[in-house]
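Chain naming here is simple, since letters A, B, ... match the order of the sequence lines and numbering starts at 1 in each. Atoms considered below: every heavy atom in the structure, side chains included; atoms not considered: hydrogens, waters and symmetry mates.
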There are 2 protein chains.
Amino acid sequence: MTDRENMLLLVSADHAATGLLGKWLEMNGYRTCVVTTIASALSEIRQRRPLLILLDRQLLVTEGGRRDQFPSTVPIIVLQPFDKSCGQDECLTELEAGFDLVFCSPHSRELLAHIRAILRRHQMPAAAPSVLRVQGLAMDTARHEVTVGGTLVELTPKEFRILHQFLLSPGVVLSRQELLNRVWGEDYALEEHALDVHIHSLRQKIESDPSKPRFVVTIRGIGYKLQAS
Amino acid sequence: MTDRENMLLLVSADHAATGLLGKWLEMNGYRTCVVTTIASALSEIRQRRPLLILLDRQLLVTEGGRRDQFPSTVPIIVLQPFDKSCGQDECLTELEAGFDLVFCSPHSRELLAHIRAILRRHQMPAAAPSVLRVQGLAMDTARHEVTVGGTLVELTPKEFRILHQFLLSPGVVLSRQELLNRVWGEDYALEEHALDVHIHSLRQKIESDPSKPRFVVTIRGIGYKLQAS
DNA sequence: CCGCCTGGTTAAGACTATGTAAACAGCCGT
DNA sequence: ACGGCTGTTTACATAGTCTTAACCAGGCGG
């Protein structure tokens, strides 16, 4: 078998939507390729062997596409614009026709999670770069690597887990107690101050000026948050 | 590997819900099996090898279950009762934790369609190339040979299987448990430390300086990974 | 302006995970 | 049955990580 190009194929005639979505996906470590008709999609699939196809439902309807036109080995997610009505029955039809998912939510993070879930299950080589990003900070959970501005930083297990929690809800203030619960577990008696120490060493590693943190900022009297913007 | 029992495992403490759902699934050709705790689910999984697991989110929360308690080869759909609120973030957390779908709709036909979609995709055999490479390391699965920088190295069966797992997903961290499951089988009581010993002897054979491994690197507190770049 | 409270910083000891070696056990072919 | 090869367990060594505790700095209210 030829090498897969580790790419997602976007099939939609809606330029605005594909532009945004493509950007978002590339920010999250996927290479993308956009085509606007089913015919061109089919030829692209033969040549480039995408990992997964994101197919606009609009196109499916107007061009009368069917699942069995596409290779059955490539997973396909059907995208339904969230502003259009999405009747239960219609979604069902597509699922039953052999598509892997009908996605009708405006939340792109959710779409990303679904893409990852499907690729993960399908065991595709180097498929799911499960990367969380904020500014120049990136965490690849699968590889267990963290980079700041492209350079790798080595974190201890606790530091990694703490930063992971921040990245799961960027911009949201997490109280000390909340963090302790999430990282150490609900029932764990621990000097609350231990967290501060870990935050400190985390800052030493990811902040350019640890005394003026840009990422992990203190909210006095509450806890910490990861600066999102 | 023993024959699968072609069965869906329902994990929920809500008898009313599981009764109805079980009936519905059996009407649609699936054999089902109901358990009410995660612990009993785990033993049932080992014995009966279900095709797919339907897991009540309630139970996941109250018993503090995590995805990696379950064998990664079995797809899991998390069920969220439709009357309870299902925040976007919560669903996301589960998807990102490795579950295949979070289902929060009251329509059982839709659930059925999702089950079919996931099983359909899951049962597709993934085509595997016979030579796997990373840097100077090459494994020919057909010939059952491993070479480092062109020179043949002799591995024992266990060492070969361990290295094979690494090469199937280069760069991604495999937890000890994950490796044990993949190499020894899902249900095998084994001192976790046995793996370390095999890793040690594997390193002796494939690393130029076994004390500073370039290929099989340790991720403290998690497991090991094969350095991809 | 002083003192308290919150968080920052540092270092030392305790602890845990992993590495390493060696003994033991099982299998297989001779 | 014997001997060698694998795999597993045990024991000990070591390096890395976590936690505790003590001290320091700065903001805020009195």
Atom CG of B:L190 to atom C1' of D:dG7: distance rounded to whole Å? 9 Å
Strand contacts (DNA chain D) in residues 155-167 of chain A, 4.0 angstrom heavy-atom criterion: A:T156, A:P157, A:K158
Angle class for the A:H198/A:W184 ring planes (parallel below 30°, perpendicular above 60°, tilted otherwise)? tilted
Encode nucleotides 25-30 of chain D as B, S and - characters from 5' to 3', where the letter depends on protein heavy atoms closer than 4.0 Å: B to the base, S only to sugar-phosphate, - to neither. -B----
Contact under 4.0 Å: B:Y224 side-chain N or O vs C:dG19 OP1/OP2: yes
In residues 218-226 of chain A, what donor-acceptor pairs under 3.5 Å come from side-chain atoms, sequence neighbours left out?
unit_1, atom_1, unit_2, atom_2, d
A:T218, OG1, A:R203, NH2, 2.8
A:Y224, OH, A:R176, NH2, 3.2

Examine D:dC18: is either OP1 or OP2 under 4.0 Å from a nitrogen or oxygen in the side chain of A:W184? Give yes or no. no
By the definition salt bridge (Lys or Arg N to Asp or Glu O under 4.0 Å), identify the one residue from A:R121, A:R116, A:R120 that meets it with B:D100. A:R121
So B:M139 and B:V131, do their side chains get closer than 4.5 Å, heavy atoms only? no
May I have the step-by-step check of side-chain contact (heavy atoms from CB on, under 4.5 Å) for B:N181 and B:S72, ending in yes or no? CA-CA 9 Å; B:N181 287 343; B:S72 63; over 6 Å; no
For B:A16, side chain to side chain contact (heavy atoms under 4.5 Å, CB included) partners two or more places apart: B:D14
Go through the steps for B:L52 and B:L9 under the test side-chain contact (heavy atoms from CB on, under 4.5 Å), then give the verdict. CA-CA 6 Å; B:L52 182 143; B:L9 184 63; over 6 Å; no
Residues in side chain to side chain donor-acceptor pair (under 3.5 Å) with A:T151, at least two apart? none
Among residues 191-215 of chain B, which contact DNA chain D at a heavy-atom distance under 4.0 Å? B:E191, B:H193, B:A194, B:V197, B:H198
